[in-house]
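Beneath this line is the structure, given in structure tokens, with notes to follow.
Letters go in sequence order (proteins before strands), and every chain restarts at 1. Note that these values count all heavy atoms, side chains included, but never hydrogens, waters or copies made by symmetry.
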Amino acid sequence: MHPYRTHSCGELRSGDVGTNVRVSGWVHRVRDHGGLLFIDLRDHYGLTQCVADPDSPAFKAVEDLRAEWVVRIDGEVRERSAETTNDRLPTGGVEVFIRDLEVLSKAQELPLPVFGEPDYPEETRLAYRFLDLRREGLHQRIVKRSQVIASLRQRMVGAGFTEFQTPILTASSPEGARDFLVPSRMHPGKFYALPQAPQQFKQLIMMAGFDRYFQIAPCFRDEDARADRSPGEFYQLDVEMSFVTQEDVFAAIEPVLRELFEEFAEGRRVSAEFPRIPYWRAMRLYGTDKPDLRNPIEMSDASHHFRGSGFKIFAGLLEKHASGREWTENAEVWAIPAKGGGSRAFCDRMNSWAQGEGQPGLGYIFFRDGEGAGPVAKNLGEKQTDQLRQELDLTDGDAVFFVAGIPKDFVEFSGRARDRIASDLELTQTDCFEFCWVVDFPMYEWKEDDKRIDFSHNPFSMPQGGLEALESKDPLDVLGYQYDIVCNGVELSSGAIRNHVPEIMLKAFEIAGYGADVVEKEFGGMLRALRFGAPPHGGIAPGLDRIVMLLAGTDNIREVTMFPMNQQAEDLLMGAPSEASPEQLKELHIRLSLPKTKAKPKSG
RNA sequence: GGGGGUGUAGCUCAGUUGGUUAGAGCGCUGGCCUGUCACGCCAGAGGCCGCGGGUUCGAGUCCCGUCACUCCCGCCA
């Protein structure tokens with residue numbers, strides 16, 4: 001007989017009644033009735049009730065068992081009576097009568113109970129992650145993550161993609177996130193960097209004549225964490241294809257993601273197709289470049305109703321800022337329709353919410369008794385108010401809110417107001433995944449802090465219109481072949497058709513303030529490759545952790561990560577980061593120069 | 001780097017206007033219990049009220065500082 005088990009803890013059924021079995025696992029729960037003892041034995045596969053009474057030779061030993069001890073149990077499978085069957089367990093029709101017991105490993109008193117998985121502080125959960133991972137919820141989410149990855153691999157291979165590994169020790173990249181650096185022992189004073197993404201490598205793979213590459217790629221960025229963003233490291237489904245247009249990338253990736261989500265949706269609806277929304281349209285309709293399409297509200301420009309109107313605040317704003325550049329200088333008034341929000345109580349609540357957000361307020365009209373009510377309506381006049389109502393397709397019981405000013409300044413707030421209104425009125429659908437492509441991102445943006453133009457997205461993207469656009473247009477008007485996938489308001493990935501023409505690349509960087517010498521130095525390998533026959537290519541990189549988060553229905557990335565670090569980028573279980581020994585530092589030719597203030601007395 | 005929240009038993013939390021010996025549930029330990037599956041009943045142990053300072057006759061409670069965790073901003077092409 002096998003030293004540990006003949007069956008797993010999730011396996012026994014009534015067909016096994018009468019057989020002698022051996023099971024091993026953790027003591028999930030003990031129920032001691034004095035003359036009768038129940039042990040719920042747990043392993044990765046499930047839970048089996050084991051029972052002992054004074055007739056059992058192991059009875060005394062069973063009485064000593066404690067939670068989370070690891071034991072081997074030998075015994076006979078017995079049918080449970082109708083009254084004692086547990087329908088909530090797959091193994092609930094049977095139990096194992098314990099004849100022999102071996103304690104394989106004892107456990108101290110638990111800092112974190114496994115049974116019942118009550119809420120526990122995250123610090124404790126991370127320090128005792130191995131216990132946390134035994135708990136059913138997290139255990140299942142990690143299994144789901146593995147299944148999602150397996151499914152993605154299978155779908156990508158099925159779609160003709162090939163998986164390649166790329167280096168972990170590579171060169172620092174001057175733009176983008178802060179790099180993690182790894183000192184070189186053989187080259188004193190020089191450092192490797194961990195890849196922020198395999199961006200340049202996947203392009204080089206295309207230039208090397210491969211096609212349709214993918215990788216479940218680890219990415220490293222030394223930036224601060226968020227609930228939906230791990231500190232340090234995360235994974236992407238990294239994808240690149242040759243001789244493709246933007247539409248080809250969409251056609252390859254959209255079915256993979258849709259079918260993946262359908263596979264794991266558990267009844268939740270998935271977008272039949274992903275609408276394409278140009279960046280500027282998304283900003284105007286939803287106030288964000290990652291719109292949550294479960295929210296049906298679409299905003300619109302209502303400036304024409306207020307220009308020269310009796311509502312002097314808005315009319316004055318519109319008149320004062322009218323002769324400059326659209327979006328960044330000219331004032332506009334945007335309308336946020338709120339179906340079912342037509343009560344003074346609701347409108348006032350939204351208004352005070354807006355004030356709590358640091359806004360002057362949120363203008364509104366609400367419709368009742370066939371007319372508009374509220375201070376805005378009063379000043380705007382009956383005729384204009386009714387025209388507005390008709391244009392927005394509103395009726396009694398509805399409301400409309402207004403944000404006014406310079407769009408670039410209020411757009412972010414308008415997006416939050418749209419979310420807030422929809423969630424308060426319960427207009428936002430649940431139990432579905434609403435995808436879209438956001439396309440036509442601008443190549444450049446104005447960095448107010450540095451007073452200069454910078455890449456707004458990916459510097460390796462192909463500008464729409466090519467070299468001619470870069471040379472003839474205002475850089476801020478140049479769009480890129482750059483796109484995002486957004487699901488339920490979460491940015492899942494961004495991608496682009498790449499710039500494979502060295503002249504266009506040099507020009508694109510020049511506009512962002514990088515001279516040819518800098519580009520040659522920092523991206524020499526890439527430029528060299530572009531000069532020896534580079535195919536037009538493009539790709540995308542969906543964030544794996546966020547995909548699993550969405551599918552698992554959690555809003556914290558640590559709930560779908562096996563061994564996450566805390567917000568301070570510390571691994572509380574393994575004790576990382578840790579100090580290096582003087583010998584290690586010497587080998588690396590590194591001398592520490594520590595900040596003075598940080599002598600930490602450990603308290604609290 | 002900045003802002004918000006939290007910090008009382010191992011855990012979740014209560015703790016009145018500043019006033020006696022800081023409580024409850026879960027967990028833990030011991031006892032009883034032969035059909036439970038959130039077993040039940042009885043008893044017990046367990047507290048630098050995050051830490052430091054201040055106000056006060058008196059501080060878990062008020063003030064200042066500090067530390068830790070967490071959420072957000074910056075940052076993350």
May I ask you to say what A:Thr48 touches in the nucleic acid, namely base, sugar-phosphate or nothing, with a heavy-atom cut-off under 4.0 Å?
-> nothing
query: Do A:Asn458 and A:Gln482 have side-chain atoms, one donor and one acceptor, less than 3.5 Å apart?
result: no
* Asked: Quick one: the side chain of A:Arg80 and the base of B:U36, do they pair up donor-acceptor inside 3.5 Å?
  -> yes
To the nearest angstrom, the CG-P distance between A:Leu89 and B:C37 comes to 12 Å
Listed range with range, the stems formed with RNA chain B by at least 3 consecutive Watson-Crick or G-U pairs (under 3.5 Å) are B:1-7 with B:67-73, B:10-13 with B:23-26, B:28-32 with B:40-44, B:50-54 with B:62-66
*Indicate, with a heavy-atom threshold strictly under 4.0 Å, whether A:Glu412 touches base, sugar-phosphate, or nothing.*
nothing
(Q) For A:Phe220 and A:Phe234, I'd like to know if the aromatic rings sit close, meaning centre-to-centre distance below 6.0 Å. (A) no
When A:Asp40 and A:Pro118 are each assigned the nearest nucleotide of RNA chain B, the 5'-most assignment goes to A:Pro118
Practice item. Pick base, sugar-phosphate or nothing for A:Asn458, based on heavy-atom distances below 4.0 Å to the nucleic acid. Key: base
Has A:His33 got its ring stacked on the base of B:C39, with centres under 5.5 Å and planes less than 30° apart? yes
* Touch check for A:Ser81, heavy atoms < 4.0 angstrom, all strands: base, sugar-phosphate only, or nothing? -> nothing
Q. Using the C1' atom in both, what is the distance from B:C28 to B:G47, to the nearest Å?
A. 16 Å
- Message: Regarding A:Arg66, tell me which of base, sugar-phosphate or nothing describes its non-hydrogen contacts under 4.0 Å with the strands shown.
- Response: sugar-phosphate
(request) Would you indicate what A:Gln49 reaches in the nucleic acid, counting non-hydrogen atoms under 4.0 angstrom: base, sugar-phosphate, or nothing? (result) base
Sorted by number, residues from residues 216-241 of chain A placing a heavy atom under 4.0 Å from RNA chain B are A:Arg221, A:Glu223, A:Asp224, A:Arg226, A:Ala227, A:Arg229
task = Check every strand shown and say whether A:Gln567 touches a base, only sugar-phosphate, or nothing at a heavy-atom separation below 4.0 Å.
result = base
- Side chain of A:Ser493, backbone of A:Ala541: donor and acceptor closer than 3.5 Å? no
Item to complete: Using a 4.0 Å heavy-atom cut-off across all strands, classify A:Asn556 as base, sugar-phosphate, or nothing.
Response: sugar-phosphate
Is the OH atom of A:Tyr128 crowded by more than 12 outside heavy atoms at less than 6.0 Å?
no
_What's A:Glu122 touching, base or sugar-phosphate or nothing? Going by heavy atoms closer than 4.0 Å._
sugar-phosphate
Is the A:Phe509-A:Phe455 ring centre distance short of 6.0 angstrom? yes
The correct set of residues in residues 23-32 of chain A placing a heavy atom under 4.0 Å from RNA chain B is A:Arg29, A:Arg31, A:Asp32
Quiz prompt | Sugar-phosphate only, base, or nothing, as touched by A:Arg125 at under 4.0 Å among non-hydrogen atoms | solution = nothing
- Query: Under 6.0 Å from the six-membered ring centre of A:Tyr120 and within 45° of its axis: does the NZ or CZ of A:Arg125 meet both?
  - Reply: no
